[in-house]
Every structure is written in structure tokens, then in C-alpha cells.
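Each chain gets a letter, A, B and so on, in the order the sequences are listed, and its residues count up from 1.
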Amino acid sequence: MISSPPIDPGWFAGQDTVGMARRLLGQLLVHDTADGLAAGMIVETEAYQGPLDQAAHSFGNRRTRRTEVMFGPPGHAYLYQIYGRYVCFDVVSGPVGAPEAVLVRAIAPVENLPLMTRRRGVGAESAIGSGPGKLTQALGITMAENGLPLWQPPLYLAHYRDPWPSQAIAAGPRRNIPYAGDAQGYPWRFWIRGHPSVSRPSGATAES
DNA sequence: TTGTGGATCGCCT
DNA sequence: GGCGATCCACAAG
């Protein structure tokens, strides 16, 4: 059962985006729908730092219909569709006017595995949330939730466990941003070392 | 086990 | 008109 209430709105303010990417690891992402409540623990994130980050949608302060939410206050959901079929989930970070966000790349199932398995159509538990398009499908997150605050139902974050010791967190380059020039190498992807639900390039062995 | 290609469509130029 | 912060099926070895 979910014992943790939604996170305090103040949690989102005053943290830099990389710090938020690290501190989101181990938090619970919860979505309550007509089909039921489902939740997973965040095990992999990526920081996208607005104007100066060539990998970010908001590079150069690009402000469009899609990126608009990122220019608003932190703690809201930035959702976008990719390849016409998948939805990716970000947490808006930084002060108003700073278009920064943290992409949640992977979750581990915690609550309502049967519902998440049905939505995903796969058997293996480690495949339920081990990718940005997978976790939104597992939790039933759609573009309709774009811009929602993440400190209240139906879509919210909740404390789940104590912060990980720093040696349990690994950092490395972000995935799938070949267009990003120098930013390709920035070590702004964070994951829980050795966790089976961390995303993998194709199906290879888990990285440490 | 690893690599390749197809799906699919909204958003931006 | 082109492409993407992806995923999966399938083929080759």
C-alpha cells in the first residue's frame, strides 16, 4: 500500500536541475486513474538545462507550444510525444523563466504490478518501467496530464525511502542525443547502480 | 547475443 | 517536409 502522502510543494523550489535529477532517485511516482492507482520508484533520470544545453528542447530559450510548460514554475509535469507513439515524462525544475527539466528515464514497479503489466503487455517485471516510453505506458500517463502539478493527485511524487548513499548513484552521458554536439558528453544521466529496472540500449546486460 | 529497420504523427522550420 | 530525450520484432551468426 502507499503510505507516503504527496511530496511538499516546497521540495521543488530552490534546487538546481542536476541536484534534482539526483534527488529524484528513490522517490515514488504515483498516478491514480479510473483503472486504479499505480506507482513506481524512480531509478534513472536525466537533467536538461535549458538555454545552454544543446540536447534540451529549450536550447537557446526556444519557447514554443511544446516547451511552454518548462518556462513555468518547478514541480509541474512536462510531457511530450516522441516518434508519434510514445510519451515522455519530465519534472520541471528551476525558477520561473528558466526552461529546465528532469527526464525520468526508468521506474521500478512498486504498487499495482498487475495493472502495469496489463498496460504494458509484457511479462518481465524488469521490462515494465525500464525506459521513458515504457514507464508512462505502465502508469497510464498521457499528454492530457501535461502541466499538472506534481504535489497532488492524480499525478504526484511521494517520498519512498531515504536518500541513496552517493556511491549507490552512478552518473554518465545521456542517451540518444546524437544531435547535441558537445552536450552529448555531459554526465547528466543518473541511475541507481546495478538496478534491474535501469534502461538499456537494446537488451544488453545491466550496467553498473 | 547483437544489430538493424519499421512504426507513426505532432511539432517546428 | 523532415525528424525525434523510443520500443519492439526479427534476422543473422
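Residues that satisfy the side chain to side chain donor-acceptor pair (under 3.5 Å) test with Thr117(A), not counting sequence neighbours, are absent from this structure. For Ser130(A), the side chain to side chain donor-acceptor pair (under 3.5 Å) partners two or more places apart in sequence, or in a different chain, are Lys134(A). Scored by the salt bridge (charged side-chain N to carboxylate O under 4.0 Å, His left out) test, Arg85(A) finds no partners at all (sequence neighbours excluded). Checked against side chain to side chain donor-acceptor pair (under 3.5 Å), Gln81(A) has no partners two or more places apart in sequence or in another chain. With sequence neighbours excluded, the residues satisfying side chain to side chain contact (heavy atoms under 4.5 Å, CB included) with Pro51(A) are Asn61(A), Pro99(A). Under the side chain to side chain contact (heavy atoms under 4.5 Å, CB included) criterion, Asp35(A) pairs with Thr33(A), Leu115(A), Arg119(A), sequence neighbours left out.
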Just the table, please: protein N/O against nucleotides 4-6 of chain C N/O, every pair under 3.5 Å.
residue, atom, partner, partner atom, Å
dA5(C), OP1, His57(A), NE2, 2.5
dA5(C), OP2, Tyr179(A), OH, 2.6
dA5(C), N9, Tyr80(A), OH, 3.2
dA5(C), N7, His57(A), NE2, 3.0
dA5(C), N1, Asp90(A), OD2, 2.5
dA5(C), N3, Tyr80(A), OH, 2.8
dT6(C), OP1, Arg105(A), NH1, 3.4
dT6(C), OP1, Asn176(A), ND2, 3.2
dT6(C), OP2, Asn176(A), ND2, 3.1
dT6(C), O3', Gly133(A), N, 3.3

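Secondary structure note: stems in DNA chain C built from 3 or more consecutive Watson-Crick or G-U wobble pairs under 3.5 Å occupy B:1-7 with C:6-12, B:9-12 with C:1-4.
Under the 4.5 angstrom side-chain criterion for Ile, Leu, Val, Met, Phe, Trp and Tyr, Phe71(A) has no cluster partners at all.
Less than 6.0 angstrom separates the ring centroid of His76(A) from the ring centroid of Trp151(A).
For the pair Arg63(A) CZ and dT13(B) P, the interatomic distance rounds to 15 Å; values are reported in whole Å. In this structure, Arg65(A) atom CZ and dC9(B) atom C1' are separated by 13 Å, rounded to whole Å.
Residue pairs satisfying the salt bridge (charged side-chain N to carboxylate O under 4.0 Å, His left out) criterion with at least one member in residues 45-56 of chain A, sequence neighbours excluded, are listed as follows: Glu46(A)-Arg105(A), Asp53(A)-Arg174(A). Residue pairs satisfying the ring pair (Phe, Tyr, Trp, His ring centres under 6.0 Å) criterion with at least one member in residues 24-64 of chain A, sequence neighbours excluded, are listed as follows: His57(A)-Tyr80(A).
In this structure, Arg120(A) reaches the dC8(C) phosphate: one of its side-chain N or O atoms is under 4.0 Å from OP1 or OP2.
Residues of residues 136-150 of chain A that place a heavy atom closer than 4.0 Å to DNA chain B do not occur.
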